[in-house]
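In what follows, a structure is listed as structure tokens, so that the remarks can point back to it.
We number each residue from 1, following the sequence as shown. Here the structure is a predicted model, which is why all the values come from computation and not from measurement.
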Amino acid sequence: MRPNARWPVPAVILGALLAGAALWAARAFPAAPVALWGAIGLAGGLLLLCGLAELLPVRDPARRERDREDHDERGAMIRDKARARAGDVLLWLLLFGAVYLFFFAVPKWVNLTLLGLACVKLLLDWAFTAWYRRKF
């Protein structure tokens with residue numbers, strides 16, 4: 001399950017070169033704006049860190065085992081069911097909150113916002129159900 005390993009090595013090399021060039025240029029050309037060299041050095045450092053972050057976990061056997069466990073079918077099904085149940089609980093909390101706040105002196109937009117969020121959740125449920133029926 002190794003991801004595309006083509007970009008991390010050039011990214012690490014390019015990031016190191018950019019960061020090094022920014023450090024050298026900041027000392028060689030002190031009259032140039034510092035923000036320019038700082039931005040180039042920051043971009044190089046971020047590129048270097050992203051490339052290293054992509055390369056290092058691949059060689060960690062414990063990380064690979066955790067990834068394998070996280071992406072198995074049973075674990076994915078359990079997480080999907082838990083998300084669906086959490087969405088249902090959130091829907092009922094939104095509806096209960098809208099009804100509860102209706103009886104107090106709260107602005108009408110608060111109730112309408114809660115009801116709107118509940119409607120958005122119901123529409124998303126309907127849309128994803130139709131999409132998954134067509135897909136599978």
Side-chain angles (χ1 to χ4, degrees):
M1 274 203 283
R2 185 174 179 155
N4 186 3
R6 293 181 188 170
W7 76 269
V9 173
V12 168
I13 294 169
L14 182 64
L17 288 175
L18 276 175
L23 287 174
W24 172 80
R27 290 190 180 151
F29 305 107
V34 175
L36 173 70
W37 305 123
I40 292 173
L42 181 65
L46 286 176
L47 199 57
L48 176 73
L49 288 176
C50 288
L52 286 176
E54 190 67 28
L55 283 176
L56 293 179
V58 173
R59 293 191 173 95
D60 183 18
R63 172 72 185 258
R64 282 195 299 183
E65 184 62 31
R66 278 192 312 252
D67 285 346
R68 191 175 298 125
E69 289 173 3
D70 286 345
H71 293 97
D72 69 336
E73 290 182 22
R74 182 175 178 272
M77 181 197 62
I78 290 171
R79 279 190 304 278
D80 289 342
K81 287 183 106 176
R83 286 187 192 117
R85 183 63 52 103
D88 291 342
V89 169
L90 180 63
L91 173 69
W92 283 106
L93 286 175
L94 287 171
L95 292 174
F96 178 74
V99 171
Y100 183 74
L101 292 177
F102 177 75
F103 294 109
F104 293 104
V106 295
K108 191 68 89 179
W109 65 269
V110 175
N111 289 339
L112 292 177
T113 302
L114 292 176
L115 289 175
L117 288 172
C119 289
V120 166
K121 196 264 185 218
L122 288 172
L123 286 173
L124 285 174
D125 282 348
W126 174 78
F128 283 130
T129 302
W131 183 52
Y132 281 128
R133 278 187 185 150
R134 193 180 76 223
K135 186 176 178 183
F136 296 112

Worksheet item: So if you build clusters from Ile, Leu, Val, Met, Phe, Trp, Tyr with side-chain heavy-atom gaps below 4.5 Å, do L17 and L48 land together?
Response: yes
side-chain contact (heavy atoms from CB on, under 4.5 Å) with V99: of F103, F102, F96, only one passes, and it is F103
Contacts satisfying salt bridge (Lys or Arg N to Asp or Glu O under 4.0 Å) that involve residues 86-110 (not counting sequence neighbours) are D88-K121
Rounded to the nearest 0.5 Å, the CG atom of L124 sits from the CG atom of L91 at a distance of 11.5 Å
d(D72 CG, I78 CD1) to nearest 0.5 Å is 8.0 Å
Same apolar cluster: W131 and V120, side chain cutoff 4.5 Å: yes
State yes or no: do L18 and W24 share one hydrophobic cluster built from I, L, V, M, F, W and Y residues joined by side-chain heavy-atom distances below 4.5 Å, directly or via other members?
yes
Q.
Quick check on the hydrophobic clustering: are L101 and W109 connected, directly or via other members, by side-chain heavy-atom contacts under 4.5 Å?
A. yes
Residues 9-35 vs salt bridge (Lys or Arg N to Asp or Glu O under 4.0 Å), sequence neighbours excluded, gives none
Correct closest heavy-atom pair for A118 and L95 would be CB-CD2, 3.8 Å
Smallest heavy-atom separation, G51 atom then V12 atom, equals C-CG2, 3.5 Å
The reported gap from OG1 in T113 to CG in L117 (rounded to nearest 0.5 angstrom) is 7.0 Å
Of all heavy-atom pairs linking G97 and L114, the shortest is C-CD1, 3.8 Å
query: Is there a chain of hydrophobic side chains (I, L, V, M, F, W, Y, each step under 4.5 Å between heavy atoms) that links L94 to V110?
result: yes
For T129 and D125 the tightest heavy-atom approach is OG1-O, 2.6 Å
